[in-house]
Every structure is written in C-alpha cells, then in structure tokens.
Amino acid sequence: MYKIEKSLHLPSIDKEILAFWAEQDVFAKSVNQRSEDNSFVFYEGPPSANGKPGIHHVMARAIKDIFCRYQTMKGKRVERKGGWDTHGLPIELAVEKELGITKEDIGKSISVDEYNAKCKETVMRYKDLWDDLTIKMGYWVDLENPYVTYENEYIESVWWLLSQMYNKGLLYKGLTIQPYSPAAGTGLSSHELNMPGAYQDVKDTSAVAMFKVTKNETSDFLFDDADEDVRIIAWTTTPWTLPSNTALTVGPKIKYVKIKTNNVYTNLPVSVVMAEDLVSKWFGGKKQHEILAKSDTFIGKQLDGVRYEQLLAFGNEIEELNGKTDAFRIVLGNFVTTESGTGIVHTAPSFGADDRKVGAENGIGALTLVDKQGKFKDSVGPFSNRYVKNYKDEEDYVDVNVDISIYLKQNNQAFNVAKYAHNYPHCWRTDKPILYYPLDSWFVKAASVKERMYELNKTINWKPASTGTGRFGKWLENLQDWNLSRTRYWGVPLPIWRTKVNEDAGEVAQDKCIGSIEELQKEIDKANAALGKNQAVPKDLHRPYIDDIVLVTDDGEPMYRELDLIDVWFDSGSMPYAQWHYPFENQDKFKTNFPADFIAEGVDQTRGWFYTLHAIATMVFDQVAFKNVVSNGLVLDKFGKKMSKRWGNAVEPFEALETHGADANRWYMISASQPWDNLKYDIDGVVETRNKFFGTLFNTYKFYAGYANIDNFKYSEKNVPLEERPQIDQWILSLLNSLIKDVNQDYADYEPTAATRKIQSFVMDHLSNWYVRLCRRRFWKGEYSQDKIAAYQTLYTCMEAISKLMAPVAPFFADWLYKNLNEVSKQEKHISVHLASFPRVSHVAINKDLEQRMEYAQRISSLVLSLRKKESLRVRQPLQKILLPVLDAAFSQQVDGVKDLILAEVNVKDIEYVTDTSGIVKKSIKPNFKTLGRILGKNMKAAIPLINKLGQEDIAQIEADNSYKLSIDGQGYELTLADFVISAEDIPGWLVANDGDLTVALDITLTDDLKAEGMARELVNRIQNARKTKDFNVTDRIKVALEKHDLVTAAVASFGDYIKNEVLADDLTLVETVAGGEVIELPEEVSLGMLVELN
RNA sequence: CCUGAAGUGGCGCAAUGGUUAGCGCACUUGCCUGAUAAGCAGGAGGUUGAUGGUUCGAGUCCAUCCUUUAGGACCA
C-alpha cells in the first residue's frame, strides 16, 4: 500500500527522513557507492563555530549541497570533508571580553598557556548549534572527520606551505606603515580593511594648522618685510598626528599663493601660503577669513627646503629615517593634490604610508609620539598619556583632538577648526577607528606573482562571470603584498627563527623557516648540541611552547622565533593541503582531490577565502585551487535591508526550518532569485512555495496513491508501450523528457534557479493542472484496463522523475516521495533517491508536434471557456459545437488529435472545421516583421499600412500564389507567404474569440435535449456533493430520491442511467416529497428536496 | 571618484532587437472540483528610472544622468 498522509506537513517529513538517513547511513552510502576514480571535488569553506549561524548560512550551504548532491546522482564520488576555522582575532577578542582582560594582560595576569587553552575551549562553543543546523537543513557534509585548523597536523601543513614560499624567496620582513587596531592590539591586513563595514562615516575634528616659516635665504621670497608673520597652512582630520609632524609636502607643479589676512581666532595679522586653486574654499565666505592681499603665484618647487618652526614642540628626539633627522622643512611629493585641504600635506612619517615614503626619501626623520595602545607617550606635554581616540570605551572620554585644536587656537597656530564628516577605516572586530602605525612585519610577495594569478584566474568558471573578471580580476591586477604578521597569541605561529642583531649597526640577520616537525626536530638536535640545551619539539605547536625553542645558525649563532602569528586567512587558504595533512600523509588522496571542481561562498569571500586559496595554489603549485566557483549574494530582509541583530530583522534559521520545513526554505531561496543576486527573504514567499509547489506535488501524489491503493497498482505490469498509451500520456512524457534535459543542463551549468523554476512550472501547470485534471476519470472510472495501467504508469514515471530532479534542492520531500513510490513498486533497488541516478533523457519520447498539439488544446479550451463566461453559460451546460477556422491542413490534423480532450474540457459536443473555401471566415493579415525587416529595411514603415490595408481577395491571392509584389517609392519587392502573418479573425454572425493566431467560434443554441443533459449534470454534481459531505466511501453504492419538477423530470427521463452511473446509484426515483433529505438549488431558480442514502 | 550588479503594475519576478510587455502574490467578480492549502475565466492596476542616440523597429544595444546595492581607490 502507498502511504497516504492526510495533509502536508513538511517539518514532519524532515524528521522522518532525517531518522531514515541516520539509521541507514545514507550520506555515507551516497559517497561510498561511487568509484574513487570518478570524483567530483568539493571544498568546504570552514565556518567559525564561535558565532551562531544565521539564515544566510542556510542559503550558502544549500547552494553547496545542491551541486554536490547533483554530481552524486550523476555518478560522481563527492567527498565533502567538513572543517572548522578555529584561529584568529574574533576568538581572541571574545575571550578577552569574557575574561575581562586586555591584550596587555596576556603573559602577565594570565599566562599565554592559559589564555590559549581558553581560546581553544571557546572556539567550538557553538559547534553543536552548527552541527544541528547542518543536519536540520539537510546539508550533507562529513562532520565526523572535519579538518580543524588548530590541530598540529594542520599547522604542520601550513608551515610546509610557508617554507615552500620562503624557499622561493616569496617571504620577507619589512617595516611599513600599516593599518593597526589599538583596540585589538594588532595590525590589520589590507583585505581586513576592505571588509564590508570597515569604512564608516564619522565626524572628526579637523584642523588647518599654521606652520611658521623661518626666514632665511630659501624662504626670503615669501617675505614682504622682515616682520611679516608668514605661515604655511596644512589640513588634517587627525590632529593627534600634529605633534609628530616633521615635514610639509607640496606638489612640485602646483601653484601656490600667499594671502594676507587677520586670524579669525586671534585677530592677529598673518600671511598664509596655500594652493591657489583652494583659496576660494577657505576665504571670502561667511565666518571665513578675509583676503587683504594676495601675492603672485609660485610653484611648489620653489618652496622646496623652506624651513618652519616645529608646531608642537615638546622636546622629543627626532628618530632617524634613512639615517637622517633633518626635520621641519618643506619637501616635494607627487601624491599631493588640490582636491581638498590646502594643497599642502602635513607629514608625519610614523602615521602615514605616503608620509613615510616621502620622509625616507628626504631624510626628514620621524616622531612616533603615540604608543601601540593608541595613546600619547608621556613626553607630549599637556597631551601626555591621553588616548587619541576612545579606544577603551571610557564614558568620560574627552577628545584629545579637540584639545589640540583649542591649544592651536590659543597659540595662534590654528587657521581653521571644524567638524568634518568623512569615511574612516575601522577595525572589523572592535568597531574602533584604526590608526596607521609603523610595524615590523612579514610579507608574502603576492604582487610579484600577480600576473600569473591573473592568468590562472581566467581559467576559472565564475558564477557570476562578472565577479571573476571584475571584482576579483581587477583586484589581482592591482595586488599588493600580503601582510602575514599578526602580533597575537592564538593562531599558527610563524615558523621563522632569526638571529638577534643590531640592525642600526648595519648587521644583517640570518633566518630560517621550518617546514615540518621532522625538520624542527633536526634543528633542535643541532641547537641542543651547540648550546648544550635539552629542548624537544613541543606537543602543541602553538605559543607559548614554540616560542621557547632556540635554534642555531650553521655558525652556531642562536636564533629566536619571530613572535608573530600568521594571518588566519592563510589558515583557510591552506585547507586543500592541510585538510589531508599533505605532504606528510595522504599523498594519493591529495592528488585526486586537488584542485576542487567546485566551491561556493558568499561574495564577501572574494578577497578572503577565494583569494587566499588562489594565492597559495598559484605560489606553491602554480595551479588553480578551484575550477568552478559560485559566489552568492546576501540575504536581506523583505524590505531589502541588511539583516542584523541590531535592527531586529534577522531571521532565526531554526525557527524558519521548524515552521515551514527545510525544503520550503531551500526551494524558496533558490527559486526566488539567482544565488548571486541578493535575496529579499520574505517568509510569505516560503509559505507560498510550500502551498503552491509542495502542496500541489503532495496532492498529486495523494491522488495517485489513493486510487493506486484501490486498484492495487504496484507497477507489477510490464510497461505499456509508449505508442499504445493515449496521447495525453505521450504528451506529459514528452514534456517530462524535455524537462529532464533542461534541468540536467541547468544543474551542470550551476544555474539552480532556472532548474527550480522549470520543475515548478512542470509540476503545477502541466502535471497537476492539466494531466491529472484531464485524466482523473481514467483513475477512478471503469475496469483495471490497459488504459488505466498506462495512466498509473505515466503518472508514476512523472513523479518518480520529479523526485529525482528536485532531490538536490529539496532533499527531504524528494526522498519521501521517492521512497513512497519505490517502496511499493520496487522499480529501483535504491533505498533513497540520493542513491539513485539522475534521470536520463529519452529522446524518442520527446515529440514537439505533440507538445504543440496540446498547447492548441489548452488555448482553444481557454477561448471557449472565455466565450462561455461572456455569455454566462455555465460549463455544466453542454453546447452543440465549436467552429474552428482552418488555415492549413496540418492545423486541423493537429487539433483533431486533441479534439476529445477539448470537447470534454469545455463540455461541447463537436468541433466543426471551417475551411477558407467556405468563404465565411474573415482573415487578417499583418507583416512578419522579422523577415520583412531584413528585406525592406528603411521602407518597412511605409509597408506597414499597405499590408494592413490588404483585403480578403489579396490575402487569398497571396495564399494561392505564395508570392506578392509590393512596391514602395518605385522600388519593387518580391514577397512570399512567409513574409506575412495571416490569421482567421472572425466568422461574421458567430460568437468569436481570438488568441494570437487562434480563433474559435461557439454555437450557443440550446436544444431541449442539451438543456436536459445540462440539468442531469447539475444533479450529478449535487449528488456527488452530498456523497462528499456525508463522507461516503468512494466505492459505496447509493440510492437517490428527488422531488418531482418539470425540468428534473426531463433530465431523469433522458439521462437517468447516466446519472446513476456517475454517482454509483442503484436507484434513482422521483417522488412527490422527500422526507429527511436536503434542499438543493439548481439553475433557473429551481429548488427541490433530495435524499441520498447508502444502499 | 572608479567598477560591477540592478531599476519593468502595490510587492516578488519573466520577456533570442520584432505584432497588443508576460507570470505569481495581494485586491475584485464569476465558474469548476469525488486530488489540491489548488485550478479556470474575467476586472482593476504600466509613459519598462530619466533624457538623448543607433535601428525600419528598443524593456533589450550605445551615451549621459538619477536611484538602489555590492565592491574598489582615496581619506593629508
């Protein structure tokens, strides 16, 4: 017996199927049953389990799951090793917050050992939640043997990769100005700075400071007289960098002027120097300075070497830059523009990349008056020990930038102070503004291989393509070196040991990069021998244990580990190798699992995981790491707003799954918009998907199962040959095979949205709404004949194929359907649809002629129903005939093939074909734009009215001769029938409707006989309704008594047997009054009593 | 500032350069139903973001602009 559920409840199906999968270990079987020689390689981008999963993870993982399941059904072995991203700043910060400590406390109030233990404990905090989501959403990934980035084996593989790069000369150490987060206590990489949300709009206090020019030979041209107070003005949005100013940079070709004015704050006369282009920005407006006099212009080059007095002098020693400390003078820089500010750049080489560069070139020295915690050192006068931004969330924080500005104003050093709104980078974890800071770091020379990375990228199939060529390709073209260093504790230690030397004295350090535990052991042995130590390889490769290891150079010089960790993004980019502990183990496994055929993540990973995978594979293996990549968009709320906890519009994934089921969510997400478009997640859409698609399919099954159980159909008979099945069967099977072909291609092309939309349309529009509706009688009427068996087989075939086509997207319902069918029919040996093969196309079953014929049937039926509606003729009232104008023999042949379907559908007795020779069909003619456009070109416009004007005789002539001579502006054209669209438009005197080239006319004359039959059908309907409300069994026999009425009497007299047959009545009697029955309403305002009883 | 994506009835989405721009939801009228949480027929609802251009013909191609969104550059 087929299982029948009263109503559809997807969450219950989820649970049932999950239990079945677990019990039978279906996932493992789906992998193991496929040959290792025929694999489809998928890489799982590791999530971090220290945050809770959201609804967008359901979306992203559904995409991964779909193609893995599809490829499995295509016979591929798709191993899906799960993984966990376990290192990195988010975890460290979470731990710090929990313990109530800051970075400075680590190694003091808490040992690194204890701290890291705590990180390790925290990192898997929500693993259970993640695993639960993975299971509940039906995402198949190997959770038993995941790779974990903190494990020694994983770290060893990462070390190996680093050593490969080191040996290729791709690693180097350098001091650079880098984005640095004082709040997090670490430098940030450029891709971290480029994370969404890193740049935030903020209002900062900006200041234009006045730097007093020293009068000497170089600056003499700036002075009109000896007492003139000449100042260079420069703008900054970070006044805290002003104490560290050591130079001013001007553009060599930019034109500058000197303007005499009175300072608005002090009212003292002053002459300021600035770019001419920007004068109007600072002068002449409300509350702005007044121009008292303006000098001739001079170019920036003339200012080169002009000296000025230090703005904020607190007696700090100038640090050397390129061996020199010649500070407080004007230098030249090409990066200076006149787009904003004053055209003169305040230069603090410790806090800006450009500043550093220009400072080093000119040997101007540097002042680094801010420490790594983001606060002034204790030698900065009134500003000593104050945080330059509110890094500590102090409630009573007073902005030191404001105080600096006030100080400048009071000391006649400020030209302008104002709030300025701009975009400033913030640390993606702490949400605090970053600052640029000189840091010693290890870099990967990514820029040196960017051409190769660019070339290899061209071989990758990106979905969508624009992400690959645009966002990713452009990024590769302008690639910067990759800053690997992180001065933190919980992560992969940099496996580089280095001698301690005095670099200032010109000594050069030696270093060594360790690529394996074995190598480390050898080096330790060597060091132990040389230094008389008793060191061993630590059991745990993390800090602090690894930090204690001292190695030696070949000369016996001690080398100490570079204390940095490496960027976590390197961890995840290493997963193709490290997940297998390559090259130390699993060499074969790796070879068959590299590169990946397919990966998928959010588009935000373009510069994250997608990049690190690509970079490492290119640099170490000179290969791509993945061949196909789907980058999916964001999941937004129904209004198109980003989901966030702060807005309270985040959808709770577990709730969504439990309310409507995993499949409805998955199907909705995939069918509503393409994966790479942002999805506006609307719960109403999920409900609609559930009702429309799953509801319809469920009911189709329920219908089938109900009657198949009655007839005991188990698909035990041989297949009825296709040509012996009625054409409606052939038709739906033709459509089905067309569908299989299309959907297979869509999945293969990573186009899941197209696949779901096609499946959906087939199920709802064709299978349910046409095939089943028209075939209902075949299932419940009459003997267990070949026709009935054909109907069962056909519907079965469709549903089984649908279960397979939909299985990648809706794995639960698909399996439920497949199992329900197959467990009774035993057609296939598989216990689950996910072990079955994707359906093959039967090309012989595809019959486009037939598909067109059925389309005619559907359209003609629609037209007739629409005519009935217009005349208020209910469908139960039979009509005599339809007139159908025929344009060519093929058409009438096509329609004749589906005549019975049409007649039954619209309740009409006959179709009469009207050929044009009868002369009663009026035709219309229109130009065929496609062909005529090519022939006529510019004369097209003139031709349209000429053609529309053609009369019935002209049309007949064109049809007869297959040619027509058209002349426009004296130019003649030889046209053929194909250049026109001729259609029957009207049959004068009849009720006519058109749809495109189709035209039907309806005979609405009602004879007594037709009226009686109409009434008979009304009676059938009322009696059937009675059966239904009385809850009779579908097979119960009944007897019926009706009150006498003229109209009813005629109907019973002529169609009594028909009525009895339809409603399974043994007895149908007309009586004067009915006792205990019901009153029924019939057309023409007849109402009478009726009694329906079991017989 | 630059780049990509998008802009089509109230909402969500379609439409190889070709006749009257379709479908679903929601609204509304009627119908059908011994599978349907459905379906059918009708009604109302559109200057396809704007302006130019190419073309016989533009929702579609080009240019400029506007808006949304995601990135990039810069941020002295």
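Proteins come first, then strands; the chains are lettered A, B, ... in the order of their sequence lines, and each starts at number 1.
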**Q** Are a donor atom and an acceptor atom from the side chains of A:N457 and A:W462 found within less than 3.5 Å of each other?
**A**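 A:W462 and A:N457 do have a side-chain donor-acceptor pair below 3.5 Å.
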**Q** Say you pick atom P in B:G43 and the same atom in B:U55; how far apart are they, in whole Å?
**A**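 Pairwise P distance, B:G43 against B:U55, rounds to 39 Å.
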**Q** With a 6.0 Å cut-off on the ring centroids, do A:F610 and A:F472 count as close?
**A** no
**Q** Paired with B:A73: which nucleotide, if any, by Watson-Crick or G-U wobble criteria at under 3.5 Å for both distances?
**A**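 Base partner found: none.
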**Q** B:G57 and B:G10: how far apart are their P atoms, nearest whole angstrom?
**A**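 Per the computed distance, 30 Å lies between those P atoms.
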**Q** When you get a sec, tell me which of B:A35, B:U19, B:A76 is the closest nucleotide to the side chain of A:F929?
**A** B:U19
**Q** Pairing check on B:U28: which nucleotide meets the Watson-Crick or G-U wobble criteria with it, both distances under 3.5 Å?
**A** B:G42
**Q** For A:T342 and A:M274, indicate whether the former's side chain and the latter's backbone hold a donor-acceptor pair under 3.5 Å.
**A** no
**Q** Nearest whole Å is fine: how far is B:C13 C1' from A:K758 NZ?
**A** 16 Å
**Q** By nearest heavy atom, map A:N1021 and A:P927 onto RNA chain B; which one lands nearer the 5' end?
**A**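 Its nucleotide being nearer the 5' end, the pick is A:P927.
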**Q** Taking the same atom, C1', in B:C66 and in B:A50, what whole-Å distance lies between them?
**A**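 These two C1' atoms come out 7 Å apart once rounded.
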**Q** Check for me whether the distance between the ring centres of A:Y681 and A:Y668 falls short of 6.0 Å.
**A**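 Ring centroids of A:Y681 and A:Y668 are less than 6.0 Å from each other.
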**Q** Please check the phosphate of B:A76 (OP1 and OP2 only) for any side-chain N or O of A:T237 closer than 4.0 Å.
**A** yes
**Q** Which one is paired to B:U47, where only Watson-Crick or G-U wobble pairs with both distances under 3.5 angstrom count?
**A** none
**Q** For the pair A:H346 and A:F211, name the ring-plane relationship: parallel under 30°, tilted 30 to 60°, perpendicular over 60°.
**A**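 The rings of A:H346 and A:F211 lie parallel, inter-plane angle below 30°.
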**Q** In the structure shown, which nucleotide is the Watson-Crick or G-U wobble counterpart of B:C61, with both distances under 3.5 Å?
**A** B:G53
**Q** Among the candidates B:A35, B:C25, B:G12, find the nucleotide nearest to the side-chain atoms of A:E688.
**A** B:C25
**Q** Any luck finding a side-chain donor-acceptor pair between A:S768 and A:T696 under 3.5 Å?
**A**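 No, because no side-chain N or O of A:S768 sits under 3.5 Å from a partner of the opposite role on A:T696.
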**Q** Looking for any heavy atom pair under 4.0 Å, which part of the strands does A:Y707 touch: base, sugar-phosphate only, or nothing?
**A** sugar-phosphate
**Q** Looking only at side-chain N and O atoms, does A:R757 come under 4.0 Å of OP1 or OP2 in B:A14?
**A** yes
**Q** Taking the C1' atom in each of B:U67 and B:U51, what is the distance between them to the nearest angstrom?
**A** 15 Å
**Q** At under 4.0 Å between heavy atoms, which parts of nucleotides 36-43 of chain B does protein reach? Answer with one letter per nucleotide, 5' to 3': B base, S sugar-phosphate only, - none.
**A** SBSSSBS-
**Q** Searching all strands shown, indicate the nucleotide that pairs with B:A37 (Watson-Crick or G-U wobble; both distances under 3.5 Å).
**A**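 Pairing partner, where one exists within any strand: none, as none qualifies.
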**Q** Under 3.5 Å for both donor-acceptor distances, Watson-Crick or wobble: does B:C23 have a partner, and if so which one?
**A**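 B:C23 is paired with B:G12.
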**Q** In whole angstrom, what separates A:D682's CG from B:C13's P?
**A** 10 Å
**Q** Which one is paired to B:A5, where only Watson-Crick or G-U wobble pairs with both distances under 3.5 angstrom count?
**A** B:U68
**Q** Centroid-to-centroid, A:Y707 to A:F713, below 6.0 Å?
**A** no
**Q** 5'-most contact on RNA chain B: A:H346 or A:S671, nearest heavy atom basis?
**A** A:S671
**Q** Between A:Y792 and A:F779 (judged by ring centroids, cut-off 6.0 Å), do the two rings come close enough to count as a pair?
**A** yes
